[in-house]
Visitor: 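Below: one structure in structure tokens.
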Amino acid sequence: MRLTILGGGGFRVPLVYGALLGDHAEGRVTRVVLHDVDAGRLRAIARVLAEQAAGVPDAPEVTTTTDLDEALRGADFVFSAIRVGGLEGRAHDERVALAEGVLGQETVGAGGIAYGLRTVPVAVDIARRVARLAPDAWVINFTNPAGLVTEAMSRHLGDRVIGICDSPVGLGRRIARVLGARPREAWIDYVGLNHLGWVRGLRVAGRDRLPGLLADPALLGSFEEGRLFGADWLRSLGAIPNEYLHYYYFNREAVDSYRRAGRTRGAFLHDQQARFYAGTDDPGVSALALWDRTRAEREATYMSENREAAGAGEREADDLSGGYEKVALALMRAVARDERTTLILNVRNRGTLSPLDADAVIEVPCLVDAGGAHPVSVGPLPDHATGLVCAVKAVEREVLAAARSGSRATAVKAFALHPLVDSVNVARRLVDGYTAVHPGLAYLA
């Protein structure tokens with residue numbers, strides 16, 4: 001089976017390949033094609049993967065190419081993890097927003113909109129090429145903003161594109177852990193959009209254990225989201241939010257923390273990864289060891305500004321292991337081998353969440369088999385969550401419309417309607433600021 005990874009020179013690709021190395025079952029991935037527009041990054045990651053594969057019998061063959069059509073032909077699965085504009089683009093997203101006093105995070109608020117506006121046209125082109133060159137392939141999208149990009153691609157690929165994210169998986173794992181339950185034995189009632197969802201229940205052996213957790217301040221204070229949001233607020237919500245909701249519930253504190261930081265997250269990652277990729281040019285250096293050290297630093301500093309604002313302390317060791325590669329592998333196995341499983345995924349709504357239309361991409365538990373991912377019916381959201389989901393989905397639709405039409409006015413509307421952008425005038429200045437620094441937004445008239 002052939003897997004093509006778009007963004008194949010990306011820093012997290014070794015996580016995916018490492019997961020593949022542990023899969024020895026029949027019907028496994030035997031060939032990995034890495035595609036990237038940056039040949040230097042491809043060489044660096046290929047070195048890491050070669051070291052990972054050393055001594056592993058029947059390790060999947062790895063090839064690299066900068067030709068997108070060549071990468072797609074013959075693919076059974078396409079894993080999309082592109083970053084349009086690179087980390088320099090992310091740093092621009094953050095700085096332009098913070099200069100206006102609003103959040104610049106890469107998937108939430110102004111930064112997420114800017115990232116979406118320059119990514120959607122590229123993702124749509126990829127979707128069209130997949131439909132033409134590999135019509136039987138399944139596309140697994142991790143490109144952020146994951147829900148928005150998956151919805152853009154679904155308009156050309158239908159249900160053959162599925163979005164993944166490791167945030168809900170990590171949240172469910174942490175809740176199960178503090179309750180003394182095995183994550184695989186727990187049913188997680190999770191619903192929302194990508195980076196905008198809530199755990200409303202966690203059932204073990206048919207019993208919902210979440211009410212007991214919410215009633216126990218000590219337990220709530222023993223894991224990351226409990227410390228991030230605070231026990232009182234979680235009890236008020238009656239749910240455990242995805243960590244990204246900290247940007248909404250504590251927006252002022254998050255923005256203040258980001259503005260006080262010496263540099264933005266994007267700038268930090270840009271400098272860190274520049275050192276990594278440059279370091280792999282030295283043939284005397286172990287590329288894998290260098291990658292491991294860089295990854296450990298990256299994971300330890302994840303959402304550090306939010307934890308600082310909340311006084312949540314350092315991340316726990318168990319939360320530094322990632323997880324999206326495991327979701328991707330489980331998804332591929334379920335589809336390719338009909339190994340039925342349940343995963344939290346980004347898929348078309350199809351009546352699952354009543355306030356949204358059938359084509360809106362949502363993030364919910366899905367039953368996965370050879371026919372793809374099938375969303376599980378969920379109960380209605382409370383009013384406060386419904387309002388937020390509908391508002392953000394409306395923004396996503398304006399982003400898609402702006403990317404399709406090239407209309408500056410529609411782009412301004414997308415920024416102005418977002419709950420974390422507090423002025424139409426700010427929205428106009430944001431569009432001016434982003435178009436000035438991003439060549440990829442030159443299409444906005």
Side-chain angles (χ1 to χ4, degrees), residues 16 19-20 22-23 25 27-29 77 79 138-142 146-147 150 154 158-210 213 225 239-243 318 321-354 356 358 360-381 389:
V16 179
L20 295 175
D23 184 16
R28 68 191 180 93
V29 171
F77 286 90
F79 189 85
W138 290 87
V139 177
I140 301 174
N141 178 60
F142 189 69
T150 300
S154 72
D159 293 328
R160 294 191 79 85
V161 58
I162 300 167
I164 65 170
C165 181
D166 50 359
S167 289
V169 175
L171 174 55
R173 183 177 63 221
R174 286 187 286 276
I175 295 174
R177 189 169 64 221
V178 301
L179 290 173
R182 295 181 179 178
R184 290 191 177 189
E185 297 174 357
W187 171 265
I188 302 168
D189 178 7
Y190 181 95
V191 62
L193 307 179
N194 179 240
H195 290 180
L196 190 78
W198 298 261
V199 171
R200 305 179 304 174
L202 189 138
R203 294 188 172 275
V204 180
R207 178 182 165 218
D208 187 2
R209 302 283 300 279
L210 190 64
L213 173 61
E225 284 75 12
I240 310 293
N242 184 297
E243 60 198 345
D318 288 343
S321 58
Y324 88 103
E325 72 283 358
K326 298 173 185 175
V327 182
L329 184 59
L331 176 55
M332 285 191 289
R333 281 175 170 169
V335 173
R337 307 173 194 167
D338 201 20
E339 292 182 3
R340 300 183 179 187
T341 190
T342 303
L343 298 167
I344 298 173
L345 300 167
N346 287 268
V347 296
R348 291 198 291 184
N349 181 32
R350 290 182 285 182
T352 306
L353 196 55
S354 58
L356 301 179
V361 166
I362 61 174
E363 192 168 74
V364 290
C366 298
L367 301 177
V368 190
D369 56 23
H374 315 282
V376 177
S377 295
V378 297
L381 284 166
V389 164

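Nothing here was measured: the structure is a model prediction, and the numbers come from that model. In this chain, residues are counted from 1 in sequence order.
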Visitor: Kindly determine whether Val347 and Asp159 satisfy side chain to side chain contact (heavy atoms under 4.5 Å, CB included), including the steps that lead there.
Guide: CA-CA 7 Å; Val347 296; Asp159 293 328; over 6 Å; no

Visitor: Output, in order, the C-alpha distance, side-chain angles, deciding distance and verdict of side chain to side chain contact (heavy atoms under 4.5 Å, CB included) for Val378 and Leu353.
Guide: CA-CA 7 Å; Val378 297; Leu353 196 55; 4.1 Å; yes

Visitor: Looking only at heavy atoms, which two atoms of Leu196 and Val389 are closest? And how far apart?
Guide: CD2-CA, 3.9 Å

Visitor: Give a yes or no on whether the backbone of Ala370 and the side-chain of Asp338 come within a donor-acceptor separation of less than 3.5 Å.
Guide: yes

Visitor: Looking only at heavy atoms, which two atoms of Glu225 and Pro241 are closest? And how far apart?
Guide: CG-O, 3.7 Å

Visitor: Show your working on side chain to side chain contact (heavy atoms under 4.5 Å, CB included) between Arg174 and Val199 and close with a plain yes or no.
Guide: CA-CA 11 Å; Arg174 286 187 286 276; Val199 171; over 6 Å; no

Visitor: Measure the CG-CZ distance between Leu356 and Arg348 for me, rounded to the nearest 0.5 Å.
Guide: 14.5 Å

Visitor: Who passes ring-ring contact (aromatic ring centres under 6.0 Å, His included) against Tyr190, sequence neighbours left out?
Guide: none

Visitor: List the residues meeting side chain to side chain contact (heavy atoms under 4.5 Å, CB included) with Pro380, not counting sequence neighbours, and say none if there are none.
Guide: none

Visitor: Please tabulate, for side-chain N and O atoms in residues 203-210, each donor-acceptor pair with protein atoms closer than 3.5 Å (sequence neighbours left out).
Guide:
unit_1: Arg203; atom_1: NH1; unit_2: Gly206; atom_2: O; d: 3.1
unit_1: Asp208; atom_1: OD1; unit_2: Leu202; atom_2: N; d: 3.1
unit_1: Asp208; atom_1: OD1; unit_2: Leu210; atom_2: N; d: 3.0
unit_1: Arg209; atom_1: NH2; unit_2: Leu179; atom_2: O; d: 2.9

Visitor: Which donor-acceptor pairs under 3.5 Å do side chains of residues 339-346 form with protein atoms, sequence neighbours excluded?
Guide:
unit_1: Glu339; atom_1: OE2; unit_2: Arg337; atom_2: NH1; d: 3.4
unit_1: Asn346; atom_1: ND2; unit_2: Glu363; atom_2: OE2; d: 2.8

Visitor: Between Gly172 and Ile188, what is the shortest heavy-atom contact and its length?
Guide: CA-CD1, 3.5 Å

Visitor: Which residue pairs satisfy the salt bridge (charged side-chain N to carboxylate O under 4.0 Å, His left out) criterion with at least one member in residues 370-379, sequence neighbours excluded?
Guide: none

Visitor: To the nearest 0.5 angstrom, please state how far the CG atom of Leu381 sits from the CH2 atom of Trp198.
Guide: 6.0 Å

Visitor: With rounding to the nearest 0.5 angstrom, report the CD1 to CZ distance, Ile164 to Phe79.
Guide: 4.0 Å

Visitor: When rounded to the nearest 0.5 angstrom, what is the spacing between CG in Asp166 and NZ in Lys326?
Guide: 10.5 Å

Visitor: Quick one: side chain to side chain donor-acceptor pair (under 3.5 Å) partners of Arg200, sequence neighbours excluded?
Guide: Asp189

Visitor: May I ask you to test the Phe77-Val335 pair for a side-chain heavy-atom distance under 4.5 Å?
Guide: yes

Visitor: What are the two closest heavy atoms between Trp138 and Gly372, and how far apart are they?
Guide: CH2-CA, 3.5 Å

Visitor: Which side-chain hydrogen bond (donor to acceptor under 3.5 Å, both in side chains) pairs, counting each pair once, include a residue from residues 369-380, with sequence neighbours left out?
Guide: Asp369-His374

Visitor: Are Val16 and Phe142 close enough, and set up right, to give a side chain to side chain contact (heavy atoms under 4.5 Å, CB included), and what steps lead you there?
Guide: CA-CA 12 Å; Val16 179; Phe142 189 69; over 6 Å; no

Visitor: A side-chain contact here means heavy atoms from C-beta on lying under 4.5 Å apart; do Leu20 and Leu329 qualify?
Guide: yes

Visitor: Could you tell me whether Arg182 atom CZ has more than 12 heavy atoms of other residues or ligands within 6.0 Å of it?
Guide: no

Visitor: What is the distance from atom OG1 of Thr150 to atom CD1 of Ile162, rounded to the nearest 0.5 Å?
Guide: 9.5 Å

Visitor: What residues form a salt bridge (charged side-chain N to carboxylate O under 4.0 Å, His left out) with Arg28, not counting sequence neighbours?
Guide: none

Visitor: Does Asp23 reach the side chain of Val29, with side-chain heavy atoms less than 4.5 Å apart?
Guide: no

Visitor: Return the minimal non-hydrogen interatomic distance between Cys366 and Ala373, and the atom names on each side.
Guide: CB-CB, 4.1 Å

Visitor: Can you name the closest pair of heavy atoms from Ile140 and Ala328 and give their distance?
Guide: CD1-O, 4.1 Å

Visitor: Excluding sequence neighbours, so at least two apart, what forms side chain to side chain donor-acceptor pair (under 3.5 Å) with Asn349?
Guide: none

